[in-house]
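Chain A is the first sequence line, chain B the second, and so forth, proteins listed ahead of strands; every chain is numbered from 1.
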There are 2 protein chains.
Amino acid sequence: MISQKSKYALRALLALAARPGGEPMLISEIAEQEVIPRKFLEQILLDLKRAGLVASRRGKAGGYLLLRRAETVTFGEVLRLIDGPLAPLPCLSKMAYRRCGDCANENACKLRKVFARVADATRDILDTTTLADVLQGGVKSLPVEI
Amino acid sequence: MISQKSKYALRALLALAARPGGEPMLISEIAEQEVIPRKFLEQILLDLKRAGLVASRRGKAGGYLLLRRAETVTFGEVLRLIDGPLAPLPCLSKMAYRRCGDCANENACKLRKVFARVADATRDILDTTTLADVLQGGVKSLPVEI
DNA sequence: TTTTAACCCGACTGAATTAGTATGCTTGTT
DNA sequence: AACAAGCATACTAATTCAGTCGGGTTAAAA
């Protein structure tokens, strides 16, 4: 299960990406439109800003805007930023590898072999799907049953 | 990330499945061999027993044994039992569906479309990989680079 | 130049989950 | 009857989750 915070982050980014002309959007505007607790959203946007995904303007008539093109922001990147590694085992994370603590001989580990496939499948989807893909409705879905 | 408890459960089941003749194995035997805290493992085995995956014999010369054939026990089943739903969103779980709380129009939800693909890919792997597959080393791995 | 409406930031909190421990009870074999 | 095995409940310390609170800073407008 992904966290509520990640869901909020993705929805906020989608809202910004959908903004025509890329003009700034108020926190409260996003919060209302996407039904996200206002103060919590503030935190999230700050995280996204520190990561360089969005920019902000302060003072009256301020707001947030997407700093990068929607085609370059992947779901994987956002999820890693908020929730940490995508991999189901720490020893399978490419970005934040950690040894598993238990299993001594890592490439003999039976579990690892199975979960490596899960990790790769997950990455294949999340690291190739961008905000733009979703906005255009261009998300490949499963074969439609005829 | 899957929980430590799930990892222990899977390793314990693999140990039982590997037992020749299917003779019972002591908790402490499993605990030592797989390096799992003994009392914690007791709890886990009880869960697996209540779910009908293993059986136990009490008294001296007791122990645990696998109740079902190793070919019929999938990783998905074990993970669901210990960790709960596999799906990344509650509204995507086939076994334990719950509405998402926020998004009103579920099949218009942009996030859902993306994570549905992740959920399906995950299920494809975990619900088709069994204890037997892993034991035989028969886990399909990624294409070997030549 | 003062006001006002934005964003910025750290601290706090209540509930839930995780990864176990502790303590004792029941059961079956010897 | 004794011993060794599993059965069962309660407890706990640490962490995470999903926010809330209270103020500080900045910049445009009146």
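Minimum heavy-atom separation, L67(B) to A55(B): CG-CB, 3.7 Å.
Counting to the nearest Å, the P atom of dA5(D) and the CD atom of E23(B) are 15 Å from each other. In this structure, L65(A) places its CG atom 14 Å from C1' of dA6(C), rounding to the nearest Å. Rounded to an integer number of Å, the gap from CG of L41(A) to P of dC8(C) is 11 Å. dA29(D) atom P lies 11 Å from atom CZ of R57(A), rounded to whole Å. Between L48(B) atom CG and dG6(D) atom P the separation is 14 Å, expressed in whole Å. Residue K49(B) contributes atom NZ, which lies 15 Å from atom P of dT26(C) at whole-angstrom precision. In this structure, CZ of R50(B) is placed 12 Å from C1' of dG6(D), rounded to the nearest angstrom. Summarising the geometry, the separation between CD1 on I2(A) and P on dA18(D) is reported as 10 Å, rounded to the nearest angstrom.
The closest side-chain heavy-atom distance from P24(A) to Y64(A) is not below 4.5 Å.
With hydrogens and angles ignored, no donor-acceptor pair under 3.5 angstrom links the side chain of R58(B) to the base of dT29(C). Interface remark: the K39(A) side chain does form a donor-acceptor pair with the dG22(D) base, using a distance-only criterion of under 3.5 Å.
Among dG28(C), dA28(D), dG20(C), the nucleotide with an atom closest to any side-chain atom of K60(A) is dA28(D).
Projected onto DNA chain C by closest heavy-atom contact, Y64(A) and F40(B) fall at different nucleotides, the more 5' of which corresponds to Y64(A). Each of E42(A) and E42(B) was matched to the nucleotide of DNA chain D holding its nearest heavy atom; the match closer to the 5' end belongs to E42(B). The 5' end of DNA chain C is approached more closely, in terms of each residue's nearest nucleotide, by G62(A) than by the other of S6(B) and G62(A).
No chain of hydrophobic side-chain contacts below 4.5 Å, direct or via other Ile, Leu, Val, Met, Phe, Trp or Tyr residues, connects L14(B) to L65(B). Two different hydrophobic clusters hold L66(B) and L26(B) under the rule that ILVMFWY side chains link at heavy-atom gaps under 4.5 Å. Linking Ile, Leu, Val, Met, Phe, Trp and Tyr whenever their side-chain heavy atoms come within less than 4.5 Å puts L81(B) and F115(A) in one cluster.
Using a 4.0 Å cut-off between charged nitrogen and carboxylate oxygen, R80(B) and D127(B) count as a salt-bridge pair. A salt bridge links R68(A) to E77(A): one of the charged nitrogens lies within less than 4.0 Å of a carboxylate oxygen. Under the 4.0 Å criterion applied to side-chain N and carboxylate O atoms, D124(A) and R117(B) are not assigned as salt-bridge partners.
Among the heavy atoms of the strands, none lies under 4.0 Å from L45(B). Across all strands, L26(A) comes closer than 4.0 Å only to sugar-phosphate atoms, never to a base (heavy-atom distances).
Contact annotation: K5(A) side-chain N/O to dG19(D) OP1/OP2 distance is not under 4.0 Å. At dC8(C), one or more side-chain N or O atoms of S56(A) fall inside 4.0 Å of OP1 or OP2 (strictly under the cut-off). Under 4.0 angstrom from either OP1 or OP2 of dA22(C) there lies no side-chain N or O belonging to R38(B). In terms of phosphate contacts, Y8(A) brings a side-chain nitrogen or oxygen within less than 4.0 Å of OP1 or OP2 of dG19(D).
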Write out a two-atom table: protein N or O, nucleotide N or O from nucleotides 13-18 of chain C, distance below 3.5 Å.
none

